[in-house]
Structures are given as C-alpha cells and as structure tokens.
K.L.:
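Next up is a structure, given as structure tokens.
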Amino acid sequence: MMREEILTFIEKNSRADLKELAIILGTDEVTIANELAQMEKERVICGYHTLIDWDKTTMEKVTALIEVRVTPQRGEGFDKIAERIYKYPEVTSVYLISGPYDLMVILEGKSLRDVSMFVADKLSTLDQVVGTATHFILKKYKDHGTVMGQIKTDERMVITP
Amino acid sequence: MRNPLSQKITQIQPSGIRKFFDVVSEMPDAISLGVGEPDFDTPWHIRDEGIYSLEKGRTFYTSNAGLKELKIEIANYLRRKGNASYDPNREIMVTVGGSEAIDIALRAMLDPGDEVLIPQPSYVSYLPCTTLADGVPVLIELKEENEFRLTRQELLDAVTERTKVLVLPFPNNPTGAIMEREDLESIAEVVKKKDLFVISDEIYAELSYRGDHVSIASLPGMKERTILINGFSKAYAMTGWRLGYACAPPEILEQMLKIHQYAIMCAPTTSQYAAVEALKNGDEDVKMMRTAYNQRRRYLMNAFREMGLKCFEPYGAFYVFPCIKEFGMTSEEFANRFLAEEKVAVVPGTAFGDCGEGYIRISYAYSLEELKTALAKLSAFVGRLREERKK
C-alpha cells in the first residue's frame, strides 16, 4: 500500500525529498528511505529522469519509432534479438509488441540521415530482422502524461464561498 | 416612486465573502487560498459525454425530476456507498447544484415561525434561505474543542417547541470537520425524540480522509426524517455544470419537486448526461483527487505545526480552519493585513458566521507548489506578527 502511494506520487514529482514525502504520505522519513532503497534494489524504481522538451532547446535531436519484424530464435524467443538491438546507445526504448510487427524500437539521432543510416546499416542487417518500418516523430504533443508546453492558468474566481 | 423591494430581501445581509472578493479582485498579482471549488478539471471522459450529448442534439428539457437514467445511477451510487436504498422514481430528484436543493427543501418544509437549527461556522446559504422561506434561523455555535462537530448537548440546548429542521453540514465548509457514526447516532437519537427533520448537506461526502463518510440517513429510523443533499461539484470537480440532487421521503420530495417545476423546470440537460458518465465510470477519478487533497491536507497541517499555528486536524472537505486568536486581531483584520503585506488571500472565519471570529479559512484546492509558496508567506507573516506582539 505504502509502496503504491510512494510510486504514484514520485512518478510525477521525483524531486520530492524524504522529508516532504514523509509529510505528504503521513509516515516517517525512515520508512520512506527504506522503501525507496528496497524498490531501487528490486529494480521497481529504475531511475529518476527529467522530462525535457528538446524542441525548445538548440540541441538537434531526431526521434523515430521503428517497427521491426524479426524471426524469433529457438529457446531464446525474442529476448536475444531484443538485447542485440537495445545494446546500441542510440536506442532509447525497445518493446515487444502485438500485431504485424514484433518489436517497437525508439531511436534518437542527431539528424534524419543519422537515424536512416542506423536503420539501414545496423538494424536491417541483423540476421533475424526480416523487415522494418521507420516513422519519424514530427511533433510531440504529450509525453509521460504531460502535455508539452502547456502552462495552465487558474481561471477560477479568486474568492468563492 | 414606490420602494420596489421587499423588506424580506433588503434585510438579508450580502455575503461577507462578497466584500472580501471585491478587495482581492483589485489585486491582480495576489495569491489566493480563498477558492471553494476544486482545482482539478472535470475528468475528460465526463466532459466528453457532455460534448457527445450536444453533438447528438440532446438539447431539450428533461423531465422535472431529472433523467431517469441519472436517477437510477444516483440510487446505485448511494447503495454502493453504504447509504439507504432510494427509489429513483419517487425519492430522488436532480437539482441545479446542491444549492437549489437546500433552498427548495427549506421552502417545502417551513411555515412562518418554524425554527431551523443551523450549526455555524458553515456554508453561507442556510441562513438566508431559511429567512426567505419564512423560517426562523437558530444558530448553534460549534466549538473547536469538539473539533467543530455538533454534539448531542448543543443540539438539545437549541431545540424548542418550534424547532422543525436541523441543517447538518458535514463534511463541513469552512472547518473541514466531519461527523462520524457515533457522533451521528447521538444526534439521530435527539432528532427522533424531538420529532425533527434533517437537511443533511453531504456535498463533500467523497472528500473524507478518515474512513468512509457516513450519512445520517443510513441510520435506523432516519431515512424518513432526512433530506439528503449531494451533487457533482466537489467529488467530480464539476462546479460549473451546476448539478446536484436531493433524496427524500416521497411526500417531501413531491412538494420540493413542485417548487423546482415552477421555478427551474429541470436541471441542465448536458450536465445530466455528463453526470451519468461520472457515476458510472468516475470512481477512480474521485479516488485520485481525494488522494491528492489528502496529501495537501497533511502538508498544511505539518506546516502549521512547524510555524506553531494552532489548528485542529480536519478530516473532510478541502479546508483547514486555523486559529489566529494569539495575534489579538479580528479575522478580518488578519485577512486584510495578510493580503496587504504578503498578497495572499484567505477568507476570514466570520464570513461563515460570527462564531468564526478568531479563525481563517484556508482552501487546499491548489497544487502543492502553490501551497508551498503561500505557506512560506504565511510563516513570514505570522513570525512578524509575533515579533510585533513582543514589543
């Protein structure tokens, strides 16, 4: 119960410190610290990241979703080929998916050419890969439950009974 | 020219909140902790149903008592929440917010001179609505030492032969007080013995942070004496949709419906369709919002402890009601100075009855970030006042 409460809260506010978490969740700092440490150890918590809209920076970044069809290997299923793909640092996510394709690979590169070359040279040439479909992301509207670039203003009347 | 106004209406005081609102509105950069409505948007799936009903052209009146489908969902909801069982055809009506329900319940029950017991501090409309219905408001001052709950003795002390109705506003705005089962049982006993009726305003029922809310109507022998009022504003963040409901014994509801029929016709149709969706698929949203309010409540209580500000711990609604008597000024002075010096607006406790003197209402229908900023200012202000007092 406490675990889910902690996780639900920090999923959206990972910068909250122990003291604040203890107050907000109605417990003490030791309990929170222990739970966090335990969940990190169990890899329930896999990291504390920051959600960035790179489009608003000078950094050049191109993101693509690549559907990959592969031949699963006996005894290994999809795991081995997935691992082969996720080892590349430019790959940010790999999911096993249902539907006509098997893997969804999310890739970040500096340019369209960068990403295209990765697909042509590295991905498509893997033995088990039988097909790919590359989709470049043109605009990110919402990510991790957050609408990009939206600042909500309070439109309520300032004092109401 | 003749005086166009009735004496009855001119003798009613404008809401104390109104005056303060005008002051705050003049200060565009003020931070407000004075809002009595959720900061969340209505959950999208609920709004979507409202939009869909418009697209389908459902822009006509509904029957006076409300959409049958909605009344059935209300009955299901109340049953699911451990309430008494209500017949959607004869015991439930849909109103324009809980506010309309309060008004028509009083109008349906009062004859001139009938006394209505109104515990205070409480929401601003019970008293004027009683007066407008020719009833006589009799105030009961709730005490901080009782956590602003209504006690059996307080009730007994206020009952006279003319007493007809008890207004029970819990979870309470502005104090955040709740009444738990045992509290209600001792009240119910007096109500039955003295042959009273209860208008139970349970608009904040879903926002209870210590166990589930209990309605007095669910206690033995109380359903036939209770007008249960609830709505969608607070639980589903639907204030602007203006939708509430009343559940009452058929003979009372029938008369309330008559007023509603002539004065209002029916509650907004779009809102009613959206409300069906809220009751069918909104439990998770309510839970999410309740959790968030509860976290803020804990945060506020801790901040008050840290700055040494006396405040009983409230377990309902989204208000805290800290005591400011140590500063030797009135609630209004405190609120005005706080606004002038720190540009933070809180509502003086006196806006909710004279016995709110010495308290301020702080709403936590704001994000944690906003609350943090405002609390830092409150802490600085309180510190400064204490320094002044020392001199």
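Just so it is clear: chains get the letters A, B, ... in the order the sequence lines come, proteins before strands, and each one is counted from 1.
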K.L.:
Do the non-hydrogen side-chain atoms of B:Val23 and A:Ile159 ever get within less than 4.5 Å of each other?
P.N.:
no

K.L.:
Kindly indicate, with the supporting measurements, whether the criterion salt bridge (charged side-chain N to carboxylate O under 4.0 Å, His left out) is fulfilled by A:Lys19 and B:Glu306.
P.N.:
CA-CA 13 Å; A:Lys19 180 171 182 247; B:Glu306 283 184 350; 3.0 Å; yes

K.L.:
How long is the gap from CZ on B:Arg296 to CD1 on A:Ile23, to the nearest 0.5 Å?
P.N.:
16.0 Å

K.L.:
Applying salt bridge (charged side-chain N to carboxylate O under 4.0 Å, His left out) to B:Lys372 and A:Glu20, what does each step give before you reach the verdict?
P.N.:
CA-CA 11 Å; B:Lys372 277 181 205 172; A:Glu20 189 179 334; 2.8 Å; yes

K.L.:
Is chain A contacted by the side chain of B:Ala30, its backbone, both, or neither, given a heavy-atom distance below 4.5 Å?
P.N.:
neither

K.L.:
With a sphere of 6.0 Å drawn around NZ of A:Lys61, does it hold more than 12 non-hydrogen atoms of other residues, nucleotides or ligands?
P.N.:
yes

K.L.:
Counting only non-hydrogen atoms closer than 4.5 Å, does B:Phe21 touch chain A with its backbone (N, CA, C, O), its side chain (CB onward), both, or neither?
P.N.:
both

K.L.:
Select one option (side chain, backbone, both, neither) describing which atoms of B:Pro38 are under 4.5 Å from chain A's heavy atoms.
P.N.:
backbone

K.L.:
At a heavy-atom separation under 4.5 Å, does B:Leu33 approach chain A through its side chain, its backbone, both, or neither?
P.N.:
neither

K.L.:
Would you say OH of A:Tyr95 has more than 12 non-hydrogen atoms from neighbouring residues, nucleotides or ligands within 6.0 angstrom?
P.N.:
no

K.L.:
I'd like to know if the side chain of A:Arg156 and the backbone of B:Val35 have a donor-acceptor N/O pair within less than 3.5 Å.
P.N.:
no

K.L.:
Look at atom CD of A:Glu42 and say whether more than 12 heavy atoms of other residues, nucleotides or ligands are closer to it than 6.0 Å.
P.N.:
yes

K.L.:
Apply the side chain to side chain contact (heavy atoms under 4.5 Å, CB included) test between B:Ser32 and each candidate in A:Thr160, A:Asp154, A:Val158; give the one that qualifies.
P.N.:
A:Val158

K.L.:
So, taking the atom named CG in B:Asn294 and the one named CD in A:Glu5, what distance separates them when rounded to the nearest 0.5 Å?
P.N.:
8.0 Å

K.L.:
Would you indicate whether A:Asp121, at its atom CG, is surrounded by more than 12 heavy atoms from other residues, nucleotides or ligands within a distance under 6.0 Å?
P.N.:
yes

K.L.:
Starting at CG of B:Leu368, measure out to CD1 of A:Ile24 and round the result to the nearest 0.5 Å.
P.N.:
4.5 Å

K.L.:
Given 3.5 Å as the limit, does a donor-acceptor pair link the side chain of B:Arg361 with the main chain of A:Pro161, or not?
P.N.:
yes

K.L.:
Please look at B:Tyr319 and chain A and tell me whether the side chain, the backbone, both or neither of the residue comes under 4.5 angstrom of a heavy atom of that chain.
P.N.:
side chain

K.L.:
What part of A:Glu155 is in contact with chain B, defined as an atom under 4.5 angstrom from a non-hydrogen atom: side chain, backbone, both or neither?
P.N.:
neither

K.L.:
Got a sec: does the CG of B:Asp354 have more than 12 other heavy atoms crowding it under 6.0 Å?
P.N.:
no

